[in-house]
2 protein chains.
Amino acid sequence: MAPLDTRTQLLDAAERLFAERGFRGTSVRAITDLAGANLAAVGYHFGSKAELLSAVVRRVIEPITAAQLAGLERLGSEPTISELVEAFAGPLFDEMRADTSRLIVRIFGDPSEEMRDWTGSAEEQVRDRYRAAFARALPDLPAEELWFRMRGILAVAAVDRVDRHNQPCTPNPTEPARRWAVTFLAAAMSAPPTG
Amino acid sequence: MAPLDTRTQLLDAAERLFAERGFRGTSVRAITDLAGANLAAVGYHFGSKAELLSAVVRRVIEPITAAQLAGLERLGSEPTISELVEAFAGPLFDEMRADTSRLIVRIFGDPSEEMRDWTGSAEEQVRDRYRAAFARALPDLPAEELWFRMRGILAVAAVDRVDRHNQPCTPNPTEPARRWAVTFLAAAMSAPPTG
DNA sequence: CCTTCCATCATACGATCGTTTGAATCAAAC
DNA sequence: GTTTGATTCAAACGATCGTATGATGGAAGG
């Protein structure tokens, strides 16, 4: 086994267990057992359990931000609100597994430092570019209210994924929820300013 | 000190610490220390740490569902979408402290059994009555898409509270966010069915 | 005074936690 | 064949966890 194999299997196991049981609810021993690795492997490859979490989060965030940026560049210079919503929210449904949404929601709800030191510049860049694009499409909307609405997009997408994942029996197809979300959010973004 | 005093102070301390550090991140010792009680007080008054969580959640949920029900009964027989959104989402801003939103989001993201056995019939009753009211106001919307949208209301309200609470420096006034939410969500609920 | 019952107390139990350590293993370089 | 450096291994460390136990306090009822 090449050294990268153990590293990758640790990332896979940790991603799954952190999403299922949370950071504090997952022991290093559970991760190394699932990965088929030795207990000390986490310390050797990542330094600590917290740094393993950072590596996991960076890995799951990256394809999402990449798809969001690619979707924005695919649009013309004067995209509609609906197109912007689709490009911004679509990858949250397509590029993200349901348990990954749960992991992100859990991190979002945890104010401790170890859960926040992973934040890179990638999602800030995505956020700023979409904010500019929405601001051009909604020139009358104040910046603060626009930012409130963009957080609303993230909230609806993430919470829907997690909540459908919480229902044990239903098959939970992603596709209708994705289209409902675009309808719902495009209408919401198009609302006139509160004023 | 009357016996109920220790019980109440345990509930207060647990509510605060569970919201700040999560269920697994909060030790029984931290709760009893903050409450000025003995370590064994949790076991004596509640049986276990998990049952203490249930008691905390029931206590914070109750005024919210009560306000939602009262708001619905205050409306006429043919309320507008905006009135329904206001009555449903308003208490999530008014009756809920920001750290309580965090506690709820954390519980929402945790699929473990101990986090879910508190669910009572109160919020189910609220959910069903608002669902019926929205269905009357939106007769063309399929039931499944309506339920998706109602979860969107909860998502926007909860995530906004937590996210504004995450920002350390700003004063984070609730009032503009509350009005922005009603604008945003009323437009979203009023969207035609996806079809 | 004595009993009863509720509440609180100090203390300890077994388990599990994250991390560290030093030896063992192994392929590649020389 | 020997050295070297990276990787994996079993084992142990101190700390902290949730819970249980039996003693103690103290007011109410007889």
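Chain letters run A, B, ... following the sequence lines, proteins first and then strands; every chain starts at 1.
- Checked against C/dT19, D/dG18, C/dC6, the side chain of A/Lys49 finds its nearest nucleotide in C/dT19.
- Going from atom CG of A/Asp33 over to atom P of C/dT16 covers 12 Å, rounded to whole Å.
- Among the heavy atoms of the strands lying under 4.0 Å from B/Ala40 is at least one base atom, whether or not backbone atoms are also near.
- Atoms CZ (A/Arg7) and P (D/dT7) sit 10 Å apart, rounded to a whole Å.
- Comparing A/Gly47 and A/Gly25 against DNA chain C, the residue whose closest nucleotide sits nearer the 5' end is A/Gly25.
- As a whole-Å value, the separation of B/Leu10 CG from D/dT19 P is 14 Å.
- With salt bridges taken as basic N to acidic carboxylate O contacts below 4.0 Å, none links A/Arg29 and A/Asp33.
- At the phosphate of D/dT8, OP1 or OP2 sits under 4.0 Å from a side-chain N or O atom of A/Thr6.
- Between B/Arg179 and A/Glu145, no side-chain nitrogen of the basic residue sits less than 4.0 Å from a carboxylate oxygen of the acidic one, so the salt-bridge criterion is not met.
- Residue B/Thr26 is classed as a sugar-phosphate contact, given heavy-atom separations below 4.0 Å to backbone atoms only.
- Using a 4.0 Å cut-off between charged nitrogen and carboxylate oxygen, A/Glu123 and A/Arg127 do not count as a salt-bridge pair.
- In this structure, the CZ atom of A/Arg29 is 13 Å from the P atom of D/dA10, given to the nearest Å.
- Rounded to whole angstrom, the span from the CZ atom of B/Arg24 across to the C1' atom of D/dT16 amounts to 16 Å.
- Every residue two or more places apart in sequence or in another chain was checked for a side chain to side chain donor-acceptor pair (under 3.5 Å) with A/Glu95, and none qualifies.
- Taking the six-membered ring where tryptophan is involved, the planes of B/Phe148 and A/Phe184 are perpendicular, since the angle between them exceeds 60° and thus also 30°.
- At D/dT8, one or more side-chain N or O atoms of A/His45 fall inside 4.0 Å of OP1 or OP2 (strictly under the cut-off).
- Look at CG on A/Leu52: it is 14 Å from C1' on C/dT19, rounded to the nearest Å.
- Here B/Ser27 does not reach the OP1 or OP2 of D/dT16: none of its side-chain N or O atoms lies under 4.0 Å away.
- In this structure, B/Leu53 places its CG atom 12 Å from P of D/dG18, rounding to the nearest Å.
- Where A/Leu39 and B/Asn38 meet DNA chain D, the nucleotide closest to each residue was compared, and A/Leu39 sits on the side nearer the 5' end.
- Straight-line distance from the OH atom of A/Tyr44 to the P atom of C/dG22: 17 Å, rounded to whole Å.
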